[in-house]
2 protein chains.
Amino acid sequence: MAHQDAIAYQSHDHHHCIEGAMKAARQLCRQRGVQLTGQREAVLRLVWQSHRPVGAYDLLGQLPDNRNGRKPAPTTVYRALDFLREHGLVHRLDSLNAYIGCPHPGQQHDGVFLICRHCRHVQELPGERVRQTLKPLLTAQGFSPDALLMEIPGVCPRCQQDGEGA
Amino acid sequence: MAHQDAIAYQSHDHHHCIEGAMKAARQLCRQRGVQLTGQREAVLRLVWQSHRPVGAYDLLGQLPDNRNGRKPAPTTVYRALDFLREHGLVHRLDSLNAYIGCPHPGQQHDGVFLICRHCRHVQELPGERVRQTLKPLLTAQGFSPDALLMEIPGVCPRCQQDGEGA
DNA sequence: AAAGTGATGTTATATTGTTACATTATACCT
DNA sequence: AGGTATAATGTAACAATATAACATCACTTT
Ligand SMILES: [Zn+2]
Ligand SMILES: [Zn+2]
Ligand SMILES: [Zn+2]
Ligand SMILES: [Zn+2]
């Protein structure tokens, strides 16, 4: 189990998360014969600055000026996000119009997210078990699902603890 | 079980769905002492024109001109949608930026939707069973969910049948 | 009539995302 | 190295979705 899966809720060495994600990305792109260019790497690194979702225009604002000394246009960040999503490095959270790094990229997988409404921490769950438990329900409907998409708002363990008695 | 729960996938008397929804809405608003005004009723009726999600600007385009002979502004439709959502008569599908009528309004409940990527039919499932099956997973994470939000793309039974051998 | 409340109208603006086309970088072959 | 194809980026305009602020209207209560 990867570092960020285990203790993301706790205080932790987040550089570890970032560098782990970047390393995994480099490796994955090498394997697939695609380029993790400067822009793409920059966007991925920005996305990984926290375990909270980030908006596209937030990312855009944090990107450095290009060599012409100008701010990049929206297309820039959307293209990078498209690439990263295509290769499973980043997910989009539809309920928030925002993006977050995938802690176990590579395999095509479901998107099951626990979103803390207090601290905005996002925890991605492996969809396999959810999919298993849901399978009977779905087949009972005669429905053939492509991929699960779940964004569950609530309160994370950390914030429950902090908020006790409040 | 309501009409639209049972046979929405099949060809059916959709007027039955529409009038059922309008009647339920009127009753619910009476009970709660809130007004189902003309605008709100018009928007709800438009939403119920099909079992497919509808965009806010689509609705706007279909609203009749107001008494000044002008097209209503976006605020109009968003205000109506806000009201309808607040009272559980309509859901928003975040993955589509679109809205759909709730087939069993009134109770506050989860939003679990099966969305056919072929015909765009949307089937809402009661969240109770899903919630039950997911509970162990969520409590294992120490996460306290507010309400389930699931939008599952796939192929509906009807389209699977139609597409056989294609 | 006066005041209060909820609903609507009106105008402007914010936020998020896309299209189209030009230019530059990189890979690949001869 | 040169030539060609492909991938990536730049640039500008625009589309789609949603909200904010403030004025007006309708209805009720006093
Ligand atoms: Zn971390
Ligand atoms: Zn993931
Ligand atoms: Zn519902
Ligand atoms: Zn279908």
Side-chain angles (χ1 to χ4, degrees), chain A residues 25-26 28-44 46-47 52-87 89-100 120 151, chain B residues 25-26 28-30 32-44 46-47 53-87 89-100 120 151:
Chain A
R26 279 190 294 270
L28 187 146
C29 288
R30 204 176 330 113
Q31 283 175 355
R32 297 192 179 180
V34 295
Q35 306 180 49
L36 188 64
T37 62
Q39 295 276 20
R40 290 163 179 178
E41 183 166 343
V43 170
L44 184 58
L46 285 174
V47 164
R52 290 187 288 279
V54 197
Y57 278 74
D58 277 2
L59 294 168
L60 194 50
Q62 293 178 70
L63 280 176
D65 292 1
N66 58 25
R67 84 197 62 187
N68 313 333
R70 308 178 52 169
K71 274 290 167 203
T75 13
T76 304
V77 79
Y78 282 107
R79 284 199 279 229
L81 287 171
D82 285 348
F83 172 88
L84 295 170
R85 287 211 281 155
E86 199 174 323
H87 293 285
L89 294 161
V90 158
H91 294 288
R92 179 187 148 90
L93 298 177
D94 290 326
S95 64
L96 301 170
N97 292 346
Y99 303 84
I100 193 154
R120 302 195 4 266
E151 298 174 20
Chain B
R26 279 189 296 268
L28 186 145
C29 288
R30 203 177 332 113
R32 298 194 180 178
V34 295
Q35 306 179 48
L36 187 63
T37 62
Q39 295 275 22
R40 291 163 178 177
E41 183 166 345
V43 169
L44 184 59
L46 285 174
V47 163
V54 198
Y57 279 75
D58 275 3
L59 294 169
L60 193 51
Q62 293 177 71
L63 281 176
D65 294 0
N66 59 24
R67 84 196 65 187
N68 313 335
R70 308 176 52 168
K71 274 293 167 202
T75 356
T76 305
V77 80
Y78 282 108
R79 283 199 279 230
L81 286 171
D82 285 349
F83 173 88
L84 295 170
R85 287 211 281 155
E86 199 174 323
H87 293 284
L89 295 162
V90 157
H91 295 289
R92 179 187 148 90
L93 298 176
D94 290 327
S95 63
L96 301 171
N97 292 345
Y99 304 83
I100 193 153
R120 301 192 7 262
E151 298 175 20

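Chain naming here is simple, since letters A, B, ... match the order of the sequence lines and numbering starts at 1 in each. Not measured: the values here are computed from a predicted model.
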CG of A:Leu63 versus P of D:dA8: gap in Å, rounded?
17 Å

Please give, in whole Å, the distance from D:dA8 C1' to A:Leu36 CG?
13 Å

Would you kindly give the OH-to-P distance between B:Tyr99 and D:dA16, to the nearest whole Å?
16 Å

On DNA chain C, more 5' by nearest nucleotide between B:Lys71 and A:Asp82 is B:Lys71

Check A:His87, A:Arg30, A:Glu41 against A:Leu36 for a side chain to side chain contact (heavy atoms under 4.5 Å, CB included) and give me the one that passes.
A:Glu41

Of B:Leu59, B:Asp82, B:Asp58, the residue whose pairing with B:Val77 passes side chain to side chain contact (heavy atoms under 4.5 Å, CB included):
B:Leu59

Closest to the B:Arg67 side chain: D:dA26, D:dT17, D:dT9?
D:dA26

Given atom CG of B:Leu60 and atom P of D:dT19, what is their separation to the nearest angstrom?
14 Å

Rounding to an integer number of Å, can you tell me how far B:Asn66 CG sits from D:dA26 P?
13 Å

Would you mind classifying the nucleic acid contact of B:Arg79 as base, sugar-phosphate or nothing, using non-hydrogen atoms under 4.0 angstrom?
base

Nucleotide D:dA8, atom C1' - distance to CZ of A:Arg40 in whole Å:
6 Å

From B:Arg120 atom CZ to B:Leu96 atom CG, the distance as rounded to the nearest 0.5 Å
8.5 Å

Does B:Leu63 reach the side chain of B:Leu46, with side-chain heavy atoms less than 4.5 Å apart?
yes

Spell out, as yes or no, whether a donor-acceptor pair under 3.5 Å connects the side chain of B:Gln39 to the backbone of B:Thr76.
no

Tell me which nucleotide among D:dT17, D:dT9, D:dT11 gets nearest to the side chain of A:Ala73.
D:dT11

Below 4.0 Å: OP1/OP2 of D:dT11 and any side-chain N or O of A:Asn68
yes

Spell out yes or no: do the side chain of A:Thr75 and the base of D:dT11 have one donor N/O and one acceptor N/O closer than 3.5 Å?
yes

Do you know the tightest heavy-atom contact between A:Pro72 and A:Pro64?
CD-O, 3.7 Å

Quick one: how far along DNA chain C does chain A reach, first to last nucleotide 5' to 3', anything under 4.0 Å to a heavy atom?
C:dT16 to C:dA25

B:Gln35 side chain N/O closer than 4.0 Å to the phosphate oxygens (OP1, OP2) of D:dA26?
no

With a 4.5 Å cut-off on side-chain heavy atoms, are A:Arg92 and A:Arg85 touching?
yes

Between CG of A:Asp65 and C1' of D:dG10 the distance, given in whole Å, is 14 Å

Between D:dT19 atom P and B:Phe83 atom CZ, what is the distance in whole Å?
18 Å

